[in-house]
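These notes concern the structure reproduced below.
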Amino acid sequence: MDPTLPPSLLRGQKALIVGVANEASIATGCAQAFHQCGADLAITYQNDKARPHVMPVATAVGAEIVMPLDVTDEAQLDAVFDAIAQRWGKLDLLLHSIAFAPKADLQGGLLNSSAAGFAQAMDISCHSFLRLARRAVPLMRDGGTLFAMSYHGANKVVPNYNLMGPVKAALESACRYLAHELGPLGIRVHAISPGPIATRAASGLKEFDVLLAHAVAEAPLGQPVDILDVGMTCAHLASPLARHLTGSTHYIDGGLNIMA
């Protein structure tokens, strides 16, 4: 039985969710949990092709703002935050759940990754979090929480994760440095590291089914992690219950990360 989320845990908080691709996205689980806990949501979609897959999620969680956002487009970034400022006048939560690497660079091994592919992966998967945070901070006048989605391959070698390992390591480091910079403003920053989950992004990894089966077999709890597990953890971290937590990487993987 799934636990019941407290409906008032995030009441009155305004949350921007970036990275919903479809109903199976990790960002969808976070949107569902935030909604169940009483937060008001803004949700973005990458482009017109993605919109039909994102709208059912946005409708289900009653998103008040739904807008296109290509994080490489400065004008679209500005438009999203302008809309948030006009409608809400503030922002409490920002969740970044996007990553990209060209298929040839992702599947070809780190040694042979191209400079252009590596740079693109770093820009979209890591630096875009900083671009979002830069715009979010002025709206977090009463403090807030920033989330970025990582993976265990940032710290240990995971076969076939390849260039995304160094990229996610940079993202986790960025979370720590932002936690230091933004702590005096009452803004907390968390890197979230879920175990393997069958999402569209995960389908780009070679032998992902093997990775998923291994995770279930080796994790102490012996069960697969799902998107709502991630959402529930983020809801807790966004709440006053976690008011003195910041800068850490939080593993949601049934204990897999402790295993040799």
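One finds the CD atom of Q86 at 13.5 Å from the CZ atom of F81 (value rounded to the nearest 0.5 Å). The line from CZ of R188 to OG1 of T145 is 4.0 Å long, rounded to the nearest 0.5 Å. Interatomic distance, M140 CE to L91 CG, rounded to the nearest 0.5 Å: 4.5 Å. From I65, atom CD1 reaches atom CD1 of I17 across 12.0 Å, with rounding to the nearest 0.5 Å. Rounding to the nearest 0.5 Å gives a distance of 8.5 Å between CD1 of I192 and SG of C175. Between the CG atom in N112 and the CD atom in Q107 there is a gap of 13.5 Å [rounded to 0.5 Å].
S125 contributes a side-chain N or O that, together with a main-chain N or O of F100, makes up a donor-acceptor pair within less than 3.5 Å. No donor-acceptor pair closer than 3.5 Å links the side chain of T28 to the backbone N or O of A24. Under the 3.5 Å distance criterion, the side-chain polar atoms of N162 are matched with a main-chain donor or acceptor of L106. Checked by atom type and distance alone, the side chain of T233 pairs as donor or acceptor with a backbone atom of D229 at under 3.5 Å. Counting only distance, with no hydrogens or angles, the side chain of Q76 and the backbone of D70 share a donor-acceptor pair below 3.5 Å. S25 contributes no side-chain N or O that, together with a main-chain N or O of A27, makes up a donor-acceptor pair within less than 3.5 Å. No donor-acceptor pair closer than 3.5 Å links the side chain of S173 to the backbone N or O of A170. Without hydrogens or angle criteria, H35 side chain to V61 main chain gives a donor-acceptor distance under 3.5 Å.
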Could you go through the side-chain contact (heavy atoms from CB on, under 4.5 Å) check for V66 and V20 one step at a time? CA-CA 11 Å; V66 184; V20 174; over 6 Å; no

Intermediate values then yes/no, side-chain contact (heavy atoms from CB on, under 4.5 Å), L237 and L245
CA-CA 8 Å; L237 291 170; L245 299 181; 3.9 Å; yes

Decide side-chain contact (heavy atoms from CB on, under 4.5 Å) for D105 and F118; before the verdict, give the C-alpha distance in whole Å, the side-chain angles of both, and the deciding distance to 0.1 Å. CA-CA 7 Å; D105 292 289; F118 193 99; over 6 Å; no

* Asked: Are D82 and R87 close enough, and set up right, to give a salt bridge (Lys or Arg N to Asp or Glu O under 4.0 Å), and what steps lead you there?
  -> CA-CA 9 Å; D82 286 347; R87 184 174 181 91; over 6 Å; no

message: Please determine whether side-chain contact (heavy atoms from CB on, under 4.5 Å) holds for the pair K90 and R141, giving the CA-CA distance in whole Å, both sets of side-chain angles, and the decisive distance to 0.1 Å.
response: CA-CA 7 Å; K90 69 164 190 170; R141 290 181 288 273; 4.2 Å; yes

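Checked for salt-bridge contact, D78 and R135 meet the test: a charged N lies under 4.0 Å from a carboxylate O. Salt bridge present: D40 and K14 bring a charged side-chain N and a carboxylate O closer than 4.0 Å.
Contact of the C30 side chain with the V230 side chain is registered, since non-hydrogen atoms from C-beta on lie closer than 4.5 Å. Side chains of E23 and P56 form a contact here, defined as non-hydrogen atoms less than 4.5 Å apart. Taking 4.5 Å as the limit, some side-chain heavy atom of T44 sits within range of a side-chain heavy atom of V80. Between L132 and L146 the shortest side-chain heavy-atom distance does not fall below 4.5 Å. With a 4.5 Å cut-off on side-chain heavy atoms, Q36 and P7 do not count as touching. Counting heavy atoms from C-beta on, the side chains of I227 and I197 come closer than 4.5 Å. Within the 4.5 Å cutoff, side-chain heavy atoms of L228 are placed close to those of M232. In this structure, the side chains of M122 and P166 stay at 4.5 Å or more apart for every pair of heavy atoms.
The distance between the ring centers of Y251 and H152 falls below 6.0 angstrom.
Residues P196 and Y151 share a closest heavy-atom pair of CG-OH, 3.9 Å. Considering every non-hydrogen atom in both L110 and S113, the closest pair reads O-OG, 2.8 Å. Counting all heavy atoms, side chain and backbone alike, C37 lies closest to L5 at SG-CB, 3.8 Å. Scanning both residues, A121 and A101, for their nearest heavy atoms gives CB-CB, 3.9 Å. F129 and V189 get closest at one heavy-atom pair: CZ-CG1, 4.2 Å. Taking every heavy atom of both residues into account, L94 and A136 meet most closely at CD2-CB, 4.1 Å.
Counting non-hydrogen atoms of other residues, nucleotides and ligands closer than 6.0 Å to CG of D142 gives a total of 12 or fewer.
With no hydrogens or angles considered, a side-chain donor-acceptor pair links R131 and H127 at under 3.5 Å.
Linking Ile, Leu, Val, Met, Phe, Trp and Tyr residues whenever their side-chain heavy atoms come within less than 4.5 Å places L41 and L95 in a single cluster. M67 and I43 end up in different hydrophobic clusters when Ile, Leu, Val, Met, Phe, Trp and Tyr side chains are linked at under 4.5 Å. L171 is connected to L178 through a chain of hydrophobic side-chain contacts under 4.5 Å among Ile, Leu, Val, Met, Phe, Trp and Tyr, so both are in one cluster. At a threshold of 4.5 Å between side-chain heavy atoms, the hydrophobic network of Ile, Leu, Val, Met, Phe, Trp and Tyr places M55 and V18 in two separate groups. Hydrophobic cluster membership differs between L221 and I252, with clusters built from Ile, Leu, Val, Met, Phe, Trp and Tyr side chains linked at under 4.5 angstrom.
Of the residues listed (E172, H190, K168), the one engaging T249 in a side-chain hydrogen bond (donor to acceptor under 3.5 Å, both in side chains) is E172, and it is the only one.
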